[in-house]
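To keep things clear, I will list the structure first and then write my remarks on it.
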Amino acid sequence: MSHSDGRPNPRRAALLGTTLLLLVAGSVWFWPEPSPKPSAHASGSELPAEQHEASPIPQPKPGKPLPVAKGRRDDGMSGEPVADIPFTVDGVFQLVQAMRLDDTGNLVPDNNARQALERIFHNGALMLSEQQLGHLAELIRAGLPGPAGEQTATLASDYYRFLEARRTLAAPNGADGRSPTSPEQRYRGLQQLRVSQLGEELANQLFRASDAHFEYMLAARRLQANPDLNLEEKLKRSKALNNTLQTDLIEVDNWPQRRTRYLEQKRLILDAALPDEDKQRQIDDLFTDTFGADERQVLAPLNLNHL
């Protein structure tokens, strides 16, 4: 299976910036209006941790905003311009730059992509019309041509639909009139919502880090409450849980599967009747063949290439 270094591409970044700036040349400029505030029932005490993992929303910086799109309101009020589209050049640029591509030029949906989508959609608080959502897709395609741009535009649209459904789920009593009674029930319901809105494979790719955090917290709480373990046993198991979490959070494409295959091949080398020097050389070669340069840097703290 091929792997991606996921490294920034200076040429792509320069081209993207130039393209997005050309989009705004000669057009009417505007400053985006403040985004809608989340409702009172969207507080941290009511929602699973996932909703609050994205980086803080950066405040608008002085610069050239995108042109106002003219049209008619979705509410049927004819003759009035559509509301200002709340996306700046910098915002769209940062969104596209957060998307990693594999070595075939296709999009790699991961936690970085999810966080970038949460930021541009203001963690689900931003309410968009179909026209505004379509305009965002056009900007993404213009800034990132080819299959990756089309895939990113589709992902942004699909993720916004998921955020709409998440708002409904977060409403009082939930979408079905029943209110989950525990954080775990709420999170499990959110996991089901992701799969129904995004599909199982995409949901797993985008939310692998979120799920790892949640499972860690759940296991840590159960460990702490276990009356059959003494302090020393709890500390030992807590360390193991932390190691598992750090491994789960590794941002490497198809990490669980590739890690398993790598360790299986490494075990064959370790079991071979070879001098340690030869084993180390073969393990180093295996590590280099399995993971790209940037991936090896990310994995360095795990010492996977040590005897």
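Salt-bridge annotation for Asp285 and Arg281: absent, with no side-chain N of the basic residue lying under 4.0 Å from a carboxylate O of the acidic one. Taking a cutoff of 4.0 Å between a charged side-chain nitrogen and a carboxylate oxygen, Arg258 and Glu295 qualify as a salt bridge.
Taking every heavy atom of both residues into account, Ala156 and Ile140 meet most closely at CB-CD1, 3.9 Å. Here the shortest heavy-atom pairing between Ile120 and Leu126 reads O-CD2, 3.5 Å. Summarising the geometry of Leu223 relative to Ser238, their closest heavy-atom pair is CD2-N, 3.6 Å, with the distance given to 0.1 Å. Nearest heavy atom pair, residue Ala113 against residue Met99, reads CB-SD, 3.5 Å. When every heavy atom of Asp110 is checked against every heavy atom of Arg100, the shortest pair comes out as OD2-NE, 2.8 Å. Considering every non-hydrogen atom in both Gln280 and Asn305, the closest pair reads NE2-O, 2.7 Å.
No donor-acceptor pair under 3.5 Å is formed between the side chain of Glu150 and the backbone N or O of Pro147. Looking only at distances, no side-chain donor or acceptor of Gln192 sits under 3.5 Å from a matching main-chain atom of Gly189. For the pair Lys266 (side chain) and His306 (backbone), a donor-acceptor distance under 3.5 Å is present. Counting only distance, with no hydrogens or angles, the side chain of Thr168 and the backbone of Glu164 share a donor-acceptor pair below 3.5 Å.
Two residues are said to be in side-chain contact when any heavy atoms from C-beta on lie closer than 4.5 Å; Asn243 and Lys239 meet this criterion. Considering only heavy atoms from C-beta on, Leu198 stays 4.5 Å or farther from Leu193 through its side chain. Contact annotation: the side chain of Arg114 approaches that of Ser210 to within less than 4.5 Å [non-hydrogen atoms, C-beta and beyond]. Residues Leu206 and Asn111 have side chains not in contact (no heavy-atom distance under 4.5 Å, counting atoms from C-beta outward). The side-chain heavy atoms of Asn204 and Glu201, taken from C-beta on, include no pair separated by under 4.5 Å. A 4.5 Å side-chain heavy-atom check between Arg267 and Glu264 finds every atom pair outside the cut-off. Contact check for Leu163 versus Leu117: no side-chain heavy atoms found under the 4.5 Å cut-off.
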Using the salt bridge (charged side-chain N to carboxylate O under 4.0 Å, His left out) rule, take Glu215 and Arg208 through it: C-alpha gap first, then chi angles, then the decisive distance, then the call. CA-CA 11 Å; Glu215 297 299 340; Arg208 182 165 64 87; over 6 Å; no
If you apply the rule side chain to side chain contact (heavy atoms under 4.5 Å, CB included), what do you find for Leu107 with Thr154, and how did you get there? CA-CA 11 Å; Leu107 176 67; Thr154 299; over 6 Å; no
Going through the checks in order, is the salt bridge (charged side-chain N to carboxylate O under 4.0 Å, His left out) test met by Asp211 and Arg194? CA-CA 12 Å; Asp211 287 343; Arg194 296 177 201 154; 2.8 Å; yes
Glu184 and Phe214: side chain to side chain contact (heavy atoms under 4.5 Å, CB included), yes or no, with the steps? CA-CA 9 Å; Glu184 182 176 4; Phe214 182 79; 4.2 Å; yes
Assess the residue pair Thr260 and Gln257 against the criterion (side chain to side chain contact (heavy atoms under 4.5 Å, CB included)); give the C-alpha distance rounded to whole Å, side-chain angles, the decisive distance to 0.1 Å, and a yes or no. CA-CA 5 Å; Thr260 298; Gln257 297 87 348; 5.9 Å; no
Which is it for Tyr216 and Leu241 under the side chain to side chain contact (heavy atoms under 4.5 Å, CB included) test, yes or no, and what are the steps along the way? CA-CA 7 Å; Tyr216 169 80; Leu241 280 177; 3.9 Å; yes
Run Gln191 and Arg188 through side-chain hydrogen bond (donor to acceptor under 3.5 Å, both in side chains) and show every step you take. CA-CA 5 Å; Gln191 287 177 316; Arg188 299 305 180 201; 3.0 Å; yes
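Atoms CG and NZ, on Asn230 and Lys236 in that order, are 10.5 Å from each other to the nearest 0.5 Å. The distance from atom CG of Leu139 to atom OG1 of Thr152, rounded to the nearest 0.5 Å, is 13.0 Å. Here the CG-CG distance, from Leu304 to Leu299, works out to 5.5 Å after rounding to the nearest 0.5 Å. Annotation: the span from Arg237 atom CZ to Leu229 atom CG amounts to 4.5 Å, rounded to 0.5 Å. Atoms CD and CG, from Glu277 and Leu307 in turn, are 10.5 Å apart once rounded to the nearest 0.5 Å. Rounding to the nearest 0.5 Å gives a distance of 11.0 Å between CD of Gln132 and CE of Met127.
Leu270 and Leu274 sit in two unconnected hydrophobic clusters of ILVMFWY residues. Membership requires side-chain heavy atoms under 4.5 Å apart, directly or through other members. Both Val252 and Leu263 sit in one connected hydrophobic cluster of ILVMFWY residues. Membership requires side-chain heavy atoms under 4.5 Å apart, directly or through other members.
In this pair, Trp255 and Phe291 present their aromatic rings tilted. The plane angle is within the 30 to 60° band.
Residues Asp278 and Gln282 have side chains that never bring a donor and an acceptor to within less than 3.5 angstrom of each other. Gln197 and Asp158 share no side-chain donor-acceptor pair at under 3.5 Å. A donor-acceptor contact closer than 3.5 angstrom is absent between the side chains of Gln224 and Arg221.
For the side chain to side chain donor-acceptor pair (under 3.5 Å) test, residues two or more places apart in sequence or in another chain that qualify with Asn106 are Thr104, Gln151.
More than 12 heavy atoms of other residues, nucleotides or ligands shown are found within 6.0 angstrom of NZ on Lys234. Counting heavy-atom neighbours within 6.0 Å of Glu233 CD, excluding the residue itself, gives a total above 12.
Aromatic pair Phe121/Phe162: ring centres not closer than 6.0 Å.
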